[in-house]
S.K.: 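Before anything else, here's the structure in question.
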Amino acid sequence: MYRLILRKTFVASLALALCGGIVFVLLQLAGIVFGSATLLTGPNTVFKMILCICASIASIAAFLLLHVGSTPVKYAQEKSAR
């Protein structure tokens with residue numbers, strides 16, 4: 001149950017972070033091409049904070065996915081010896 005929730009959280013937050021990062025870079029590219037300072041500095045406010053939060057959630061979920069549901073080696077060895 002926990003693995004399913006963590007996996008869905010990881011995939012959703014990673015997709016948001018990656019798509020948002022692409023939009024972020026494209027906005028800054030458009031700002032350079034058109035010479036607009038607003039397009040260069042605009043995404044550095046709330047949009048950048050949301051991207052950082054999504055990336056942080058994805059990294060925490062990935063870390064927890066490695067440890068949730070795994071059996072410690074010592075416990076697995078004791079169970080197999082019986």
Side-chain angles (χ1 to χ4, degrees):
M1 176 72 176
Y2 293 118
R3 291 188 65 80
L4 180 66
I5 293 170
L6 284 172
R7 184 175 292 136
K8 287 185 179 189
T9 302
F10 171 71
V11 170
S13 59
L14 184 65
L16 282 173
L18 290 175
C19 292
I22 291 170
V23 170
F24 185 82
V25 170
L26 290 176
L27 283 173
Q28 290 193 330
L29 179 65
I32 290 172
V33 170
F34 297 122
S36 172
T38 306
L39 285 175
L40 284 172
T41 58
N44 287 332
T45 57
V46 177
F47 186 65
K48 188 175 183 179
M49 183 179 63
I50 292 170
L51 289 178
C52 290
I53 290 171
C54 287
S56 298
I57 291 171
S59 66
I60 292 169
F63 176 78
L64 291 175
L65 269 173
L66 292 173
H67 298 289
V68 170
S70 62
T71 306
V73 175
K74 185 176 181 181
Y75 179 75
Q77 289 172 348
E78 288 175 2
K79 287 284 269 191
S80 66
R82 290 181 186 177

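Because the structure is predicted, anything quoted here is derived from the model rather than measured.
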S.K.: Heavy-atom count around F63 CZ within 6.0 Å, excluding the residue itself: above 12?
M.R.: no
S.K.: Treating Ile, Leu, Val, Met, Phe, Trp and Tyr as nodes and any side-chain heavy-atom pair under 4.5 angstrom as an edge, say whether L4 and Y2 lie in one connected cluster.
M.R.: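 Hydrophobic grouping puts L4 apart from Y2.
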S.K.: Check residues 11-31 and write down every donor-acceptor pair under 3.5 Å in which the side-chain atom is one partner and the other belongs to a residue at least two apart or another chain.
M.R.:
unit_1 : atom_1 : unit_2 : atom_2 : d
S13    : OG     : T9     : O      : 2.8
S13    : OG     : F10    : O      : 3.3
S13    : OG     : A58    : N      : 3.3
Q28    : NE2    : L40    : O      : 3.3

S.K.: Please write out which residues are connected to I57 in a hydrophobic cluster, directly or through intermediates, given that two of Ile, Leu, Val, Met, Phe, Trp, Tyr count as joined at side-chain heavy-atom separations below 4.5 angstrom.
M.R.: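 Members besides I57, by chain and number: V46, M49, I50, I53.
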